[in-house]
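Values below: all heavy atoms of this structure, side chains included; hydrogens, waters and symmetry mates excluded.
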Amino acid sequence: MARLSIRHETLYTYERPVRFAPHRLMVRPRDSHAIRVVEAVLTVSPPGETRWLYDAFGNSVCTFTPQGESTALSIVSDLVIERYPAPISELEIADPQTATPIVYAAADRAVLAPFIEPVSEDADGHLLKWLRGRVGSPHEPALDFLLRLNRVIHDEFEYQARDLGAAQEPSHTVQLGSGTCRDFAWLMVESLRRLGYAARFVTGYLYSPGHGDVRGAGATHAWCEVFLPDLGWTEFDPTNALAESEDLIPVAVARTPAEAAPVSGAIYGDGGRSGLTVRVDVRPADPLSAAA
C-alpha cells in the first residue's frame, strides 16, 4: 500500500470580468478495493455552491456554480489517497480467448455494449489499415495481444505534450505519427473496439518519482481500460507502456474523451483574452518517504 498526496490546480484567467455557468468537476477518485480516499479538500474561487453526485458511469462528480463576476476561476483539489497495487494476475486464466474475436458472456455483453461500439470515424481507412498491420495470429491470447499493442503504440508514436484541445481522432493520430496521452489512449480504445473488445477511456493522475522517462507526469493523464473474461476491467497506458501499474491513479472512466474532462463549463460575457494553467503534483504523503 502506498499513501500519496495529490494536488490538482486549475486556473482560468480572463482579460475582462465574466460570469460563470455551472461547471462539472471530476477530480476525486471513487473509493474502491484499489484506492481509498483518506482526505479530500476542494478550494474554489470565486466561491459558489457545490453538489456531489455519481454519474451514469459511477464517477464521483462535483457540480460547481461560481457566484458573481471575476477575471479568474481557480479550482484546487487536494487529496490524500491510499493506493493498493493490483498487478495483472499470474493465475492461469481458464478461458483467455483469442485476440480476434474476444468472446463475452451474454450477461456481460449486455452491459458492455456501449463500450464495444466504435465512436470515431475512419472514412479514409487509415486507422483500419494501421490496425490490420498490428494484429497477429488469431491464436494469440487476448492478454498477450493487448500488452503487445500497448507497447506498439508507445514505440511507434512520438509523444508531444498538448495542454489544450480535445483528443485527436484516432485516424488523425495514425497519420501524424504523434500525439499526447489522451490521443494515444483514444487510439487504443477505438482500435480495440473495432476488434470487438469492450474498452473505455480513463483520466486520472500519474505518480512518477523524479519524472525520469515517464511521459505525461505533471498534468492530468489518460489511458485505456479493457474488459477481459476472468480479469475484469484491466488498465493499459500506451503512453508509457504500463499495464495495471500502481502508478496509475484513475479518477474517471467514460465512453469518450469528451465525457471525461476533469473540468468543463461555460462563461457568460466577453472575457477577451483568456488563459488556462493546469498543474498536478503527486508525491508520497509521508514527508519521510519523500525525503528518502
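Between H154 and N150, every side-chain heavy-atom pair lies at or beyond the 4.5 Å cut-off. Two residues are said to be in side-chain contact when any heavy atoms from C-beta on lie closer than 4.5 Å; F64 and F20 fail this criterion. With a 4.5 Å cut-off on side-chain heavy atoms, T10 and L276 count as touching. When side chains are defined from C-beta on, L25 does not count as touching P262, because their heavy atoms never get closer than 4.5 Å. A heavy-atom distance below 4.5 Å is not found between the side chains of L206 and V282. Within the 4.5 Å cutoff, side-chain heavy atoms of W52 are placed close to those of R28. When side chains are defined from C-beta on, T71 does not count as touching E15, because their heavy atoms never get closer than 4.5 Å. In this structure, the side chains of Q160 and S178 come closer than 4.5 Å at one or more pairs of heavy atoms.
With rounding to the nearest 0.5 angstrom, the OH atom of Y197 is 7.0 Å from the CG atom of L228. Annotation: the span from L79 atom CG to S5 atom OG amounts to 8.0 Å, rounded to 0.5 Å. To the nearest 0.5 angstrom, F201 atom CZ is 8.5 Å from T256 atom OG1. The line from OG of S208 to CG of N240 is 8.0 Å long, rounded to the nearest 0.5 Å. Interatomic distance, CG of L143 versus OG1 of T234, reported as 7.5 Å (0.5 Å rounding).
Cluster membership check: W223 shares its hydrophobic cluster with L231, using side-chain heavy-atom separations under 4.5 Å among Ile, Leu, Val, Met, Phe, Trp and Tyr. Criterion: ILVMFWY side-chain heavy atoms under 4.5 Å apart, direct or through other members. Under it, M26 and L53 are part of a common hydrophobic cluster. Note on I267: it clusters hydrophobically with Y12, by side-chain heavy-atom contacts below 4.5 Å among ILVMFWY residues. Residues W186 and L195 are members of separate hydrophobic clusters, defined by side-chain heavy-atom contacts under 4.5 angstrom among Ile, Leu, Val, Met, Phe, Trp and Tyr. V80 and L42 are assigned to two separate hydrophobic clusters, defined by single-linkage of ILVMFWY side chains at heavy-atom distances under 4.5 Å.
Pairs passing the salt bridge (charged side-chain N to carboxylate O under 4.0 Å, His left out) check and including a residue from residues 197-208, sequence neighbours excluded, read R200-E225. Judged as a salt bridge (charged side-chain N to carboxylate O under 4.0 Å, His left out), the pairs with a partner in residues 49-67 (not counting sequence neighbours) are, in order, R24-D55. For the salt bridge (charged side-chain N to carboxylate O under 4.0 Å, His left out) condition, the pairs that include at least one residue of residues 177-191, sequence neighbours left out, are R162-D183, E190-R193, E190-R194. Judged as a salt bridge (charged side-chain N to carboxylate O under 4.0 Å, His left out), the pairs with a partner in residues 242-270 (not counting sequence neighbours) are, in order, R16-D270.
The side-chain contact (heavy atoms from CB on, under 4.5 Å) search around A261 returns S264, not counting sequence neighbours. By the side-chain contact (heavy atoms from CB on, under 4.5 Å) test, I35 is found to be paired with P29, S32, I81, R83, I249, P250, residues two or more places apart in sequence or in another chain being considered. Under the side-chain contact (heavy atoms from CB on, under 4.5 Å) criterion, A198 pairs with Y104, L112, F115, I116, F227, W233, sequence neighbours left out. Applying the side chain to side chain donor-acceptor pair (under 3.5 Å) rule to R7 yields the partners E9, D78; only residues at least two apart in sequence or on another chain are considered. Taking E169 as the reference, nothing meets the side chain to side chain donor-acceptor pair (under 3.5 Å) condition, with sequence neighbours excluded. Listed by chain and residue number, nothing satisfies the side chain to side chain donor-acceptor pair (under 3.5 Å) test with E121 (two or more places apart in sequence, or in another chain). Qualifying side chain to side chain donor-acceptor pair (under 3.5 Å) partners for T173, counting only residues two or more places apart in sequence or in other chains: Q168.
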Decide yes or no on side-chain contact (heavy atoms from CB on, under 4.5 Å) for I6 and D281, but give the supporting numbers first. CA-CA 6 Å; I6 303 169; D281 181 58; over 6 Å; no

Output, in order, the C-alpha distance, side-chain angles, deciding distance and verdict of side chain to side chain donor-acceptor pair (under 3.5 Å) for H221 and D237. CA-CA 9 Å; H221 194 53; D237 174 16; 3.0 Å; yes

Derivation of the side-chain contact (heavy atoms from CB on, under 4.5 Å) call for Y159 and T239: CA-CA 8 Å; Y159 176 77; T239 302; 3.9 Å; yes

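L11 approaches S74 most closely through the heavy-atom pair CD1-CB, 4.0 Å. In terms of heavy atoms, A21 sits closest to P66 at O-CD, 3.8 Å. Here the shortest heavy-atom pairing between C62 and T50 reads SG-CB, 3.8 Å. Counting all heavy atoms, side chain and backbone alike, H23 lies closest to A266 at CE1-O, 3.3 Å. Heavy-atom minimum distance, L187 versus S191: O-OG, 2.7 Å.
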Throw together a table of side-chain donor-acceptor distances under 3.5 angstrom for residues 125-136, partners on residues two or more places apart or in other chains.
unit_1, atom_1, unit_2, atom_2, d
H126, NE2, Q175, NE2, 3.4
W130, NE1, E156, OE1, 3.1
R134, NE, E156, OE1, 3.4
R134, NE, E156, OE2, 3.2
R134, NH1, W130, O, 3.0
R134, NH2, E156, OE1, 3.0
R134, NH2, E156, OE2, 3.2

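Checking Y205 against H8 by side-chain atom types alone, a donor-acceptor pair falls below 3.5 Å.
Put simply, the side chain of D31 gets close to the backbone of V37: a donor and an acceptor are under 3.5 Å apart.
The side chain to side chain contact (heavy atoms under 4.5 Å, CB included) test with F236 singles out one residue from L192, V202, L242, L147, and that residue is L147.
The residues D144 and R148 are annotated as not salt-bridged, no charged nitrogen and carboxylate oxygen being separated by less than 4.0 angstrom.
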